[in-house]
Amino acid sequence: TLNIAFSYAGISNWLNSLIEPLLVGHTSQFALTIFLIIAILLQDFKSYAVHYICHKNPFFWDLHEFHHSPTEMTILSQQRDNNLIGAFLNPLFLPIVVLAPLLVNLSLSKGYIIPVVIYTVDLFIVLIGSLFGHSSVKLIFPKFLSYIYMSPALHWLHHSRDEKHWQCNFGEKYPFWDKLFGTYLDESHLHEVTHYGVYGGSEYNKFHPLYSYTILPILKIF
C-alpha cells in the first residue's frame with residue numbers, strides 16, 4: 001500500500017500540473033460540479049470499455065472468466081475477480097481514472113461541498129448496485145431512476161449462462177453506454193435467466209479456490 005501511495009504521488013502531481021491550467025478561470029463551484037459530472041461519465045465509459053474488452057479479447061477473457069465462473073449469484077461473487085486485468089488495462093486509462101478524484105480534492109481545498117456530495121452519493125449508489133447486482137436479491141429500480149442508473153438485477157443477465165445474454169449489460173452503473181452501443185437488455189428479459197456461469201463449465205471451478213485465484217491465472221497467461 002505504501003509503495004502504491006508513493007508511486008502514485010508523483011503521477012498525481014504530474015496530472016495535477018496538466019489539469020490545473022485547463023481549469024484557470026473555471027474553478028467556481030458550478031464549473032467544478034459540471035466538470036465532475038463529465039469526469040464521472042468518462043470514468044463509467046472507461047469501465048464499460050474495459051469490461052467490453054475483457055469479453056471480446058481472448059487474452060483478457062481468460063482472466064475475466066474467473067468472475068463469471070460462479071454458478072449462483074451471491075454478494076461474494078462480486079469479489080471473485082482477477083486484479084491482473086487492472087494491472088494491464090488501468091494504466092491505459094489512468095488520466096480518466098484519476099480525473100474525478102482530482103476534481104474532488106480541488107473542490108475540498110476550496111471548501112465546495114456540492115461536488116463532494118455528488119461524488120459521495122454516486123459512489124454509494126455504485127456500491128449498492130455492485131452488491132445487489134451480484135446477490136440473490138432481485139433489486140429493480142423505479143422506472144424514473146432506471147433511466148439514470150442500471151438496475152442491479154439487470155447484471156444477472158450479464159452473468160447468465162444462456163448464449164443470447166453473453167454480450168449484454170456491460171455497464172454496472174449507468175445504462176447509457178449499453179443503450180448507445182446496442183448491448184442493453186431490460187428487466188423484461190430477467191425471466192429468461194435459468195442458470196449462471198460459463199457454458200460448458202469453467203476451468204476455474206475445477207481446482208481449489210486458492211489455486212484458481214493465484215496460480216491458474218498466471219498459467220493461463222503463459
Quick check on the hydrophobic clustering: are Ile218 and Leu210 connected, directly or via other members, by side-chain heavy-atom contacts under 4.5 Å? no
Kindly indicate, with the supporting measurements, whether the criterion side-chain contact (heavy atoms from CB on, under 4.5 Å) is fulfilled by Arg161 and Thr194. CA-CA 8 Å; Arg161 200 176 69 185; Thr194 57; over 6 Å; no
Could you check whether any side-chain N or O of Glu172 sits under 3.5 Å from a backbone N or O of Gly129, counting only pairs where one atom can act as donor and the other as acceptor? no
Rounded to the nearest 0.5 Å, how far does CZ of Phe45 lie from OH of Tyr52? 11.0 Å
Ile148 reachable from Val121 in the ILVMFWY side-chain graph, under 4.5 Å edges: yes
With a 4.5 Å cut-off on side-chain heavy-atom distances among I, L, V, M, F, W and Y, is there a chain of contacts connecting Leu123 to Leu99? yes
Let me confirm one number: the NZ-OG distance from Lys138 to Ser151, rounded to the nearest 0.5 Å. 11.5 Å
The criterion is ring pair (Phe, Tyr, Trp, His ring centres under 6.0 Å); which residues satisfy it with His55, sequence neighbours excluded? His51, Trp61, His64, His68, His158, Phe170
Could you tell me which residues satisfy ring pair (Phe, Tyr, Trp, His ring centres under 6.0 Å) with Phe181, sequence neighbours excluded, listed by chain and number? Tyr48
Counting only heavy atoms not in Phe176, do more than 12 sit closer than 6.0 Å to its CZ atom? yes
Can you tell me if Tyr149 has over 12 outside heavy atoms packed within less than 6.0 Å of its OH? yes
Would you list the pairs meeting side-chain hydrogen bond (donor to acceptor under 3.5 Å, both in side chains) in which at least one residue belongs to residues 36-46, sequence neighbours left out? Asp44-Trp177
Using the side chain to side chain donor-acceptor pair (under 3.5 Å) criterion, which residues pair with Asp178? Sequence neighbours excluded. Thr183
May I ask whether Leu139 and Phe144 are part of the same hydrophobic cluster, defined by side-chain heavy atoms of I, L, V, M, F, W, Y residues being less than 4.5 angstrom apart, directly or through others? yes
With distance as the sole test, does Ser135 use its side chain to make a donor-acceptor pair with the main-chain N or O of Ile75 at under 3.5 Å? no
Test log, rule side-chain contact (heavy atoms from CB on, under 4.5 Å), inputs Ile221 and Leu63: CA-CA 8 Å; Ile221 288 176; Leu63 300 177; 4.0 Å; yes
Mind checking who shares a hydrophobic cluster with Met73, ILVMFWY linked at side-chain heavy-atom distances under 4.5 Å? Ile140, Met150, Leu154, Trp156, Leu157, Tyr184, Leu185, Leu190, Val193, Tyr196
Distance check, rounded to the nearest 0.5 Å: Phe141 atom CZ versus Ser146 atom OG? 9.0 Å
In short, ring-ring contact (aromatic ring centres under 6.0 Å, His included) pairs touching residues 95-139 with sequence neighbours left out are His67-His134, His134-His155, His134-His159
Flag side-chain contact, heavy atom, 4.5 Å: Val198 against Tyr204: no
Got Leu102 and Leu106 here, is their nearest side-chain heavy-atom distance under 4.5 Å? no
Verdict with reasoning, Ile114 to Leu36, per side-chain contact (heavy atoms from CB on, under 4.5 Å): CA-CA 10 Å; Ile114 294 178; Leu36 177 64; over 6 Å; no
Please tell me if the side chains of Leu131 and Gln78 come closer than 4.5 Å, counting only heavy atoms from C-beta onward. yes
Report the residues that fulfil side chain to side chain contact (heavy atoms under 4.5 Å, CB included) with Val116, sequence neighbours left out, ordered by chain and then residue number. Val104, Ser107, Leu108, Thr120
Set out, in order, the CA-CA distance, both residues' side-chain angles and the distance that settles side-chain contact (heavy atoms from CB on, under 4.5 Å) for Gln167 and Lys56, then state yes or no. CA-CA 9 Å; Gln167 308 299 332; Lys56 294 296 185 179; 3.7 Å; yes
Under 4.5 Å side-chain heavy-atom separation, chaining through any Ile, Leu, Val, Met, Phe, Trp or Tyr, what else clusters with Val126? Say none if it is isolated. none
Using the test side chain to side chain donor-acceptor pair (under 3.5 Å), find all partners of Lys220 that sit at least two apart in sequence or belong to another chain. Glu203
Filter on ring-ring contact (aromatic ring centres under 6.0 Å, His included), then keep only pairs touching residues 71-107, sequence neighbours left out; what's left? Phe59-Phe88
Go through the structure and list residues passing side chain to side chain contact (heavy atoms under 4.5 Å, CB included) with Thr74, not counting sequence neighbours. Glu72, Leu76, Ser77
Between CD1 on residue Ile37 and CG on residue Leu32, distance to nearest 0.5 Å: 11.5 Å
With a cutoff of under 4.5 Å between side-chain heavy atoms, which Ile, Leu, Val, Met, Phe, Trp and Tyr residues group with Tyr199? Trp166
CG/Asp62 to CG/Asn82 distance, rounded to the nearest 0.5 angstrom? 10.5 Å
OG of Ser47 to CG of Leu89: how many Å apart, nearest 0.5 Å? 11.5 Å
Could you check whether atom OH of Tyr211 has more than 12 heavy atoms from other residues, nucleotides or ligands sitting under 6.0 Å from it? yes
In terms of hydrophobic clustering (I, L, V, M, F, W, Y; side-chain heavy atoms under 4.5 Å; direct or indirect links), are Val98 and Ile40 co-clustered? yes
